[in-house]
Every structure is written in structure tokens, then in C-alpha cells.
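Scroll down for the structure; my scribbles are underneath it.
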Amino acid sequence: MSGANKQNIGWSREEMAKRTALDIPDGCYVNLGIGIPEMVAQHVPDGREVIYHTENGLLGMGPAPAEDEIDPELINAGKKAVTANPGASFFHHADSFAMIRGEHIDVCVLGAMQVSEQGDLANWSTGEPDAIPAVGGAMDLVAGVKTIYIITRHCTKEGEPKLVESCSYPLTGKAVVNRIYTDLAVINITPGGFEIAELAPGISFDYVQQRTGCRLRVGPQLTAAVSG
Amino acid sequence: MSGANKQNIGWSREEMAKRTALDIPDGCYVNLGIGIPEMVAQHVPDGREVIYHTENGLLGMGPAPAEDEIDPELINAGKKAVTANPGASFFHHADSFAMIRGEHIDVCVLGAMQVSEQGDLANWSTGEPDAIPAVGGAMDLVAGVKTIYIITRHCTKEGEPKLVESCSYPLTGKAVVNRIYTDLAVINITPGGFEIAELAPGISFDYVQQRTGCRLRVGPQLTAAVSG
Amino acid sequence: MIDQHIASLNAAAADIFDGATVMIGGFGEAGSPIELIHALIDQGARNLTVVNNNTGSGHVGLAALIENGQVGKMICSYPRTVGSKVFPDLYRSGKIELELVPQGTLAERIRAGGAGIPAFYTATSVNTPLAEGKELRNFAGRNYVMEYGLRADFALIKSECADRHGNLIYNKTARNFAPIMAMAAETTIVQTGALLEVGSIDPEVIVTPGIFVNRIIEIANPAQESQLIAEGRSYP
Amino acid sequence: MIDQHIASLNAAAADIFDGATVMIGGFGEAGSPIELIHALIDQGARNLTVVNNNTGSGHVGLAALIENGQVGKMICSYPRTVGSKVFPDLYRSGKIELELVPQGTLAERIRAGGAGIPAFYTATSVNTPLAEGKELRNFAGRNYVMEYGLRADFALIKSECADRHGNLIYNKTARNFAPIMAMAAETTIVQTGALLEVGSIDPEVIVTPGIFVNRIIEIANPAQESQLIAEGRSYP
């Protein structure tokens, strides 16, 4: 759909993580999903102190260790080796999900297969009969964390829109997403549906609309930017 | 009812605690109520290792400290200063009652106002309109601990029976008591009601029956002792 | 930057509002945040619903808060401690409301509130007056009563040591309700014996992670309730 | 006298019976009691229901137990770890049953089982296929699903240090499910890196009190799953 040069249009994975990181406030508790969301931590602007929660029992997660400092018993939810920052704490799984379910985590950043204009999220199963269903902590996170950000390419590899009127894949949660960061735009979920808050450099509203499964609106910020 | 010499008939408080202590098995986890039950710990036979739980967050409770070693933040459920034995652990209230409710404590020894022949226990309120109701952990203990022993004088100060057909005071729990240790006898709760397992020295079955609110039976052990 | 340190007791308690639900840690005097309670007396918020295992002793701490007429309702398991006169007198004269909850159910309701569990079932209190009006349900042949999670606007608790992120450890049986109250309150205010630099407490032994804490004030030498009572003290 | 020390792996696992429910600690390889799992393979009990967050990797540990045909049903949140081939193949051919549970609900169900809570409500999975057939209930305007407490006949867990009373501490994120599984099992069997004298562990830092533990075997140098897999090892 987007042609041979699709890698050069819009934001890269790194840029999507960087753009998301701008919206992580100082002093908040954040859970980052596997994949692009993990990269957000590297891009939080200097001067902001953010504490990372990983649902397998660590608050105050730090970056990956040097090769010779890996402890296979100090890992994140993606089962990769991590470190513990000063002020970190370890706890068991029930306490860890009490933090999530009890709405103590401020922000969670996840990937997506589909997001609907009501903020429904599908990111755990294609629903195909031979798929091995695996949910992990995704349903707990979207049910319990106050603010849910999604980072995802705007379309699938096959060029199908991931932002849709209603999800065809099994849901992770209903009306849970607050904001979506794609390679093309930053999109808020509003009572009126998808609202574009920001466009990637060189990307037009129409370009994004053509690649979206339902009607987009232009947010007030973007209107100001366009008219200004 | 039992006359001027009532203090000299049957078991003393100390002897009741001592008799109960014989039935605390080696290696078990025990919660002792306030009053005579607390005295049981001093009388567990040598060679048995028993671990005491106090519901305010300590497993491995030891005896009272010397006067100069009192820590007002190391107390038992009766709010008296205690010590922590080697192997003790501290935990919060929800974890402490998870031990109780989850049936991890083997034996609990409590006092009683009334016990019915079905094993109903009343030990928290007289139900009088001007009484300040206070339940503490008693209802949790009788609902969760596997074996409930009661230590109580056989009659009230006014000479009324405490072992009754059915409790007139508000219940702590229904069908929860396994065994009762009074100043006159050891009584099991059986499907057939109260069954005397043992009589205090010099006490006859008839003497106990006269001071009990419903029909007593003679247990097989006692029959053997009498006939033998 | 995360620095939960508050310099003054007045500032720590400033925004506790009339009608707020306030959980107060402690089992008797063990773990009672007596300086924070006295700050709440100074501050003067009224018509509070207070959650504590007891109702205080003598005329200091929680008993003084009640005596000062600031508490409209107590949620507790045992309002009849030795030396507890204030609550019984007010209760008998109908001037304070009481919700009596079995101690384990109280603890579990607080833990549930903090863990996002709106309700759960327990066998505790079934067939007793404390189950009256509550929903009963049978699981695998046994009856259980449904109990609701409990949350609060504020928690006042005491810890042994803290760091500026709000990580806490406790002293012995002073731990009691504090860790679960910290989870269940919108704003958790801690008085601590020693405020340490971040990283000073071993991550393996932290009992309350800082995520559950909002404000910390250092009270290096807290008053001991029993000693104040022995001295015949009252507050204010 | 309380001494939970067991001298041999065979003795530790001897009474695990066909059809038993077995909780196995670990999140991936972190906290996986691999020597105990291999002892269960040697022992041979079949038709087990196994509770673990995952389904193992490679051909050692939990994956080997499944591959050996001993597991009739898995209760887990994520049976699709990198390097997990054994379970997917058996699942696709209909040879193993799967109960998929969201990770936090799985943890809370285990904790509830250990705490004597037969059921509780959670918002997790509402409006998703995993809530199908489950009871929904509205509290304060939000829908919640009812979930049941989960108990087991046995738990196999790994700890860093233990004493002879069964008091345990863990290493970093190897803690994960172990403390709650110890609570929820009739018989909790622990492999520990160091078996210490009673009194060696500070009472303030014990994570699992001995009351939740039944047997301890010392495995001073446990195998690491990822290393066995890297070496191409399989069990038995």
C-alpha cells in the first residue's frame, strides 16, 4: 500500500519511542511492554525521574547489564536481563499485580494489533484456531493502569489498518487506550473517536486518513499548528 | 452453687493450662488466646517444639522479656510485651490472617462464655445493649484454624453452666469447637454432643452433669478408665 | 525527581479534609503514628471516618483525636482496649458511629482495597451477628460472606526507616496494618524514625515499596503512647 | 522438633501422586526449581495439572516434564515463550489441556487459595474472551468478573536460603510466584541454595515464613535452564 519506500516515510521505531517518551511525566511509575515500548526508557528527557515497574516483581528497573554482569534471576517481563536502580525493591507476583490492579501504576506503554476508535485494544491473540493463546499481564495492565499509551506501526505488514472502527481480533480490554503513537501520527482517543494530535514530519492528514479504518478528526493542537 | 470451697474442687487455672498443653502435638503451629490460654505455652512437655503465632504479625513468639528488655513494638495480640524466638518472622496483618483463614495454623486455644453441644462458641459479646461490642480476631480464628480448644471454668461466677444445649449469647462461630478443658473435666464435641474424656481428680460424672446445661455422655476412654 | 520528604508535621497533614476517611496504622501503641495523629488534632479536620484496629487509650494519640470530636465513625475490630475510656463513653451516648469488623476481615478488606479487588468471600463471621445483612454464598459446600474492599483518602503510618522514594521498613510487630493501609489510601503519609538516602535499603528487604507512599516526615524520637499515659499526659 | 530437611531429591518428590495439582515456581527460568522438576520426571507421576506462568523452554525443566507426557493440563498465562516448542506441539495435537489465565488473576487466585478466600472479583478480562462463561458483577458502576481461589496438592519452588523451620528468602526476580505458591499448596517442597541454622535469617527479612513450607532440600549449585538449553541438553 505505502510502496517500496515505506521505511523512509514517517517516524522510525526509535522516533516513535522518543516521541512517546516526551509524554512520560516526571516522578511517575511506568510499566513498559515488550518491543518498541521498552525503548521508551532510553528517551525520557533529562531531568525527569521515572520509576519502571516490571510485573515479574521489580520496581526501579534499570537498563540492561554488561555481558559479564548478567544475573539470570534478574530479568524483566520480556525475560531479558536487566538491572536494579538505587531505590529498587523486589516483591512477589501477587504484590506486583496489586500495584497494577490497584491503580498504582501511572502509565503503561504497550504494543497493539488493533485499536478501535472507542479505545478498545486487541494485542494478545489473532483468534485463529491454531494459534496458541497467550495473554501474560496485558489484560491486567489495561484494566488497572491509569493511562494506557500504545506504540504501533499505523498499518500491518500487509498494509491493513490497525486503527479501526471496531476490533476484529479478540479484545485485551474495552475502552482502555488513551493515546496512540504510530509511525505516522500521535492520535488521542476522545469521546468523538480518533483525533490526530500530531503528524510525523512530511505526513499529511489525508495520508493518515487513507491508512486508517475509520474517520479521523483533527485535534485542536494540530488545527492551531496548521493554521499557525 | 458449688459452695464456699469451690476454689479447692477440680483443676486450678494452672492445671487446666497444663492439661491442655498435653494435647499440643510436637511440631505444630499454635495460636493462644488471651488469659488462661496464654499459660498453655509454659506447660508444653519437654521435647516438643511448638511455634506460636500471634495475629498481630509474629510467628515464633517467645515468653515475656525481662523488664529492661521490653520493646513496646514487640507485643502479642493481648498487647503484652513478648520476645521473638530463633526462627521467628514478622509480617503484616493481611499475611498474618492469611495464615489463619487459609488453615495454616494447627491449633488455637481460646476462652469461652458459652459452648453448645454442637460446638458453637460464644466468646465475644454478652449481647447486652450497653456493651461495647469488640470481636478482635476471634471469629477469624474459629473459622480458619483446624483444631479449636477451649479453656474455661465449667460455670460462670454466678454458677450458671457455660456448656449448654444452645448458646444464648451471640455466636463467634457455629460448630467450631473440638474440645473443652474446664476445671472439672475434659470434654469432646462429638456428633452425639458433649462427651466426657476425662474427669478432674475427685470429680464425679454426676457432679459435672449437675453443672452442665444439657446431657453429657461418657467417652470410651473414660469408660475404660472407670471399668479398669 | 521523586522526593517525598516533607519538612513539617503541619504541612504533612494540611489537606486532610472534613469527612475524609483516614486509615491509621498501629495495633494498640505498636506502630501508632502518634505525632501524625497529633498533627491531625492541630489541623482540626472533623467528621472523619477512622480505620484502626482499636480506638486508642488514655487521652493521647487516637483516643485524643476521638475525644477532640473529630471522628464521626470508627471502623475497627476491638474498640475496648485496656485504658480505653474515650470511645466507650461517646459510643454509649450515641455520639460516634461504630462499624465492627473481625480483625482478619478488616485486614483483608484493606488489602483488597489496595489491590483493586472490590469484593471477596470469607468464612469469617458466617452464622454470627456480624454477618447479618451481608450476602452469603456457598462454595464447595461451605458458606461464605461477601465483604467489600476498603479504601481511604489518607493513611497515617509509622515506619522505622524510609528513603526519599518512599521505600519503607518497619520495627517488629509495629508493622501490622501499615503496609496494607499504605496500599489502600489515596495519599499515604509516613512518620519515620530515620530518613535515608535512596539506595540505602537493600531492595530484597523493603516491605513497602515507595509507589504506595506519598509523604515522609522524619520523627527521630517518637513519643511512646504508654509512656505518655503513664505520665498522665493528654493532647492537645 | 521441626526439621524440614530432606536428604534426597527422590525422597522430596516421592509422594506426588497421579492426577495431583502441582504449582511450580518461576517466571521463565528465574526461580524455576529445575532439580525438583527433574526429580518429578524421575518419579514419574502422570496426569498432573501444573500451574506455572509459562510452559518451559527447550527440553529441560518444565518443558521436559510436559514432553515426558506427565502433564494433562497447564494453568498458565503465557504458554508461548521464546524457545517453547514442546507445549505448542502437544496443544495443537489436542494432547494437553490449557486453562489460560491473565497473569495478575493467576497470581491473585493463588494468593486467594493460600489465604482461604474462595473467590474474589477483578476487572481484569472483563469484555474479553477470557471472561466468557464467568460471572459478571457490577460494583460502583464498573463490571468485574468473579474468579476462584486456586489451591494445589504440591508446590515445587526455589529459594536462595532457608533454615530448618522452612523460613525462606529469595534472589531478586526469582521470587515471583514462589511465596504465594508456598501458601496455596498442601505440601510445599523447596530447593534452596543454602540451608542455614534456625535463627540465621533476620526475622524482619524473611519472605516466606516456615509455616508455609514442608520439605527442604539443599541444591548448592542449581543448573541454569538457559545454559542447559544453550548446551543442547535434554532430560531425562
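This one's a predicted model, so the numbers in the text were calculated from it and none came from an experiment. Below, read A as the first sequence line, B as the second, and so on, with proteins coming before strands; counting in each chain starts at 1.
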Quick one: what part of D:Arg164 sits under 4.5 Å from any heavy atom of chain B, side chain, backbone, both or neither?
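Looking at D:Arg164, nothing touches chain B.
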Aromatic contact between B:His104 and D:Phe212, with the criterion being ring centroids under 6.0 Å apart: yes or no?
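That pair passes the under 6.0 Å test.
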If we count only N and O atoms by modelled type, under 3.5 Å, do the side chains of B:Thr152 and B:Tyr181 hold a donor and an acceptor together?
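Per modelled atom types, B:Thr152 and B:Tyr181 side chains form no pair under 3.5 Å.
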Indicate whether the side chain of B:Asn178 and that of B:Thr147 have a donor and an acceptor atom separated by less than 3.5 Å.
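No, no side-chain donor-acceptor pair sits under 3.5 Å.
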Between chain D and each of B:Ala94, B:Ser89, B:Gly144, count heavy-atom pairs under 4.5 Å; write down the option with the most.
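The answer is B:Ser89.
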So which part of B:Ala143 gets closer than 4.5 Å to some heavy atom of chain D, the side chain, the backbone, both or neither?
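For B:Ala143, neither part sits under 4.5 Å from chain D.
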Keeping the roles fixed (side chain from D:Asp163, backbone from D:Gly166), state whether a donor-acceptor pair exists under 3.5 Å.
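Flag set: sc D:Asp163 to bb D:Gly166 pair under 3.5 Å.
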